[in-house]
Number of protein chains: 2
Amino acid sequence: MSDRVSTRQRRLLLEILRETGSHLSAKELFRQAVQRDPRISLASVYRNLHLFEELGLVDGKRLDRNCCYYEVKRSRQHYDLVCNCCGRVTEFESPLIEKLVGEVQERTAFEVTKAVLYLEGYCKQCEGQSKKP
Amino acid sequence: MSDRVSTRQRRLLLEILRETGSHLSAKELFRQAVQRDPRISLASVYRNLHLFEELGLVDGKRLDRNCCYYEVKRSRQHYDLVCNCCGRVTEFESPLIEKLVGEVQERTAFEVTKAVLYLEGYCKQCEGQSKKP
DNA sequence: TATTAGAATAAGAATAGTTCTCATTCTCAA
DNA sequence: TTGAGAATGAGAACTATTCTTATTCTAATA
Ligand SMILES: [Mn+2]
Ligand SMILES: [Mn+2]
Ligand SMILES: [Zn+2]
Ligand SMILES: [Zn+2]
């Protein structure tokens, strides 16, 4: 597994992802990486994020129209809550998703390999903003 | 509502979306529109898709990394199953999603305004392909 | 019907995220 | 130490989408 995480660049990128703990865009990851190793290139960031995903080390999620956000994969599956107002991302777990997937597989004979799910709305700090422009 | 759907271009775009019944990308919608009205522009497609979304006539969903897919909004909410192999999109409904949203709102005090959900996998015709490259 | 102000359009330039290309550099097994 | 193959950096290319602006259209009014 970590067999293939053998270059300076890969070690650095994983390190940052692990320290940060959540939801970095490629651009932001690049920004942080450059501070520690000015020679790293954006191409390496993308290249290695794809590799990490293939290796199952990292999860990439599209939490908005613009770009993908990456985070180290944890043992427990979770989903995200994205605030329309402040942009903060919080997380939740629920057995209902597994249940939903099970039901769909039975009912439709579709073999599910991945559930893409996130919820948009307003976090506690931003509540009431929903009526604003 | 249809007040503002008053131009030649808007009528044509809605017509195509309604006839097709599902899941057109902006590009594909433009391709079809050009056949009936060679003077229409891609900018009008995007401009009016956004308008239709605001008016609640159309739903835009990002079903893959690349682009948004649009379909006329129907009375009953549904979610999509996207086949990794042939790309076909099928649909399903389930009360579990509403239930999930309710639970999350109670548990986390996050006010949900939208659930973004689709399932990836293999459709009946493509089953068994999951072990392939 | 003619006028006209404001809305919408076409065309293409601009932008942003991502992927690709390829010459150069690195890694590691022999 | 060497050399083959893997990985990188730099920037070009690509793709979906948004923006800009001169022109055209719409619809309310006279
Ligand atoms: Mn997360
Ligand atoms: Mn659908
Ligand atoms: Zn917030
Ligand atoms: Zn299929």
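Numbers restart at 1 for each chain; the letters A, B, ... are given by sequence-line order, proteins then strands.
- For B/Ser6, the side-chain atoms get nearest to D/dA27 when compared with the rest of C/dA10, D/dT8, D/dA27.
- When the nearest nucleotides of DNA chain D are assigned to A/Leu51 and B/Cys68 by heavy-atom distance, the more 5′-ward of the two goes with A/Leu51.
- A donor-acceptor contact closer than 3.5 angstrom is absent between the side chains of B/His78 and B/Glu93.
- An angle of 20°, rounded to 10°, separates the two end axes of the helix from C/dT1-D/dA30 to C/dA30-D/dT1, each defined over five pairs.
- For the segment residues 35-42 of chain B, residues with any heavy atom less than 4.0 angstrom from an atom of DNA chain C are, sorted by number, B/Arg39, B/Ile40, B/Ser41.
- Note: CZ (B/Phe52) to P (C/dA8) measures 11 Å, nearest angstrom.
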Show the numbers, then the answer: is there a side-chain contact (heavy atoms from CB on, under 4.5 Å) between B/Ser44 and B/Arg10? CA-CA 8 Å; B/Ser44 288; B/Arg10 289 177 184 174; over 6 Å; no
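- Ion pairing of A/Arg65 with B/Glu53 is present here, as a side-chain N (NZ or NE/NH1/NH2) and a carboxylate O approach within less than 4.0 Å.
- Between B/Asn66 atom CG and D/dA16 atom C1' there is a gap of 9 Å when expressed in whole angstrom units.
- Remark: nothing in residues 22-32 of chain A comes within less than 4.0 Å of DNA chain D through any heavy atom.
- Atoms OH (A/Tyr46) and C1' (D/dT15) sit 13 Å apart, rounded to a whole Å.
- Nearest to the side-chain atoms of A/Thr7 among the listed nucleotides C/dT18, D/dT8, C/dT9 stands D/dT8.
- Counting to the nearest Å, the P atom of D/dA7 and the CG atom of A/Leu13 are 14 Å from each other.
- Look at B/Glu111 and A/Lys124 and you find no salt bridge, because none of the NZ, NE, NH1 or NH2 atoms lies under 4.0 Å from a carboxylate O.
- Taking atom CZ on A/Arg11 and atom P on C/dC26, their separation rounds to 13 Å, with Å as the unit.
- Taking 4.0 Å as the cut-off between side-chain N and carboxylate O, B/Glu15 and B/Arg36 count as a salt-bridged pair.
- The base of C/dA8 lies outside donor-acceptor range of the side chain of B/Arg8, with no N or O pair under 3.5 Å.
- The nearest whole Å value for the distance from the CZ atom in A/Arg10 to the C1' atom in D/dT8 is 10 Å.
- The distance from the CG atom of B/Leu81 to the CZ atom of B/Phe92 is 5.5 Å, given to the nearest 0.5 Å.
- Computed from coordinates, the A/Gln9 CD to C/dT27 C1' distance equals 11 Å when rounded to whole Å.
- There is a path of hydrophobic side-chain contacts, each under 4.5 Å, that joins B/Tyr79 to B/Val112.
- A 6.0 Å sphere centred on CD of B/Glu98 holds no more than 12 heavy atoms belonging to other residues, nucleotides or ligands.
- For A/Arg47, a side-chain nitrogen or oxygen approaches OP1 or OP2 of D/dT8 to under 4.0 Å.
- To the nearest 0.5 Å, the span separating CG on A/Leu12 from OG1 on A/Thr7 amounts to 9.5 Å.
- Taking only side-chain atoms of A/Ala43, from C-beta outward, the nucleotide of D/dA16, D/dT8, C/dC20 with the closest atom is C/dC20.
- Under 4.0 Å is where a charged nitrogen must lie from a carboxylate oxygen, and between A/Glu71 and A/Arg18 no such pair does.
- Checking C/dA10, D/dG11, C/dT19 against every side-chain atom of A/His50, the shortest atom distance belongs to C/dT19.
- Checking B/Thr90 against B/Asp80 by side-chain atom types alone, no donor-acceptor pair falls below 3.5 Å.
- Side-chain atoms of A/Thr20 never come within 3.5 Å of backbone atoms of A/Ser22 as a donor-acceptor pair (strictly under, hydrogens ignored).
- Atom-to-atom, CZ of A/Arg62 to P of C/dG17 comes out at 11 Å; the value is rounded to the nearest Å.
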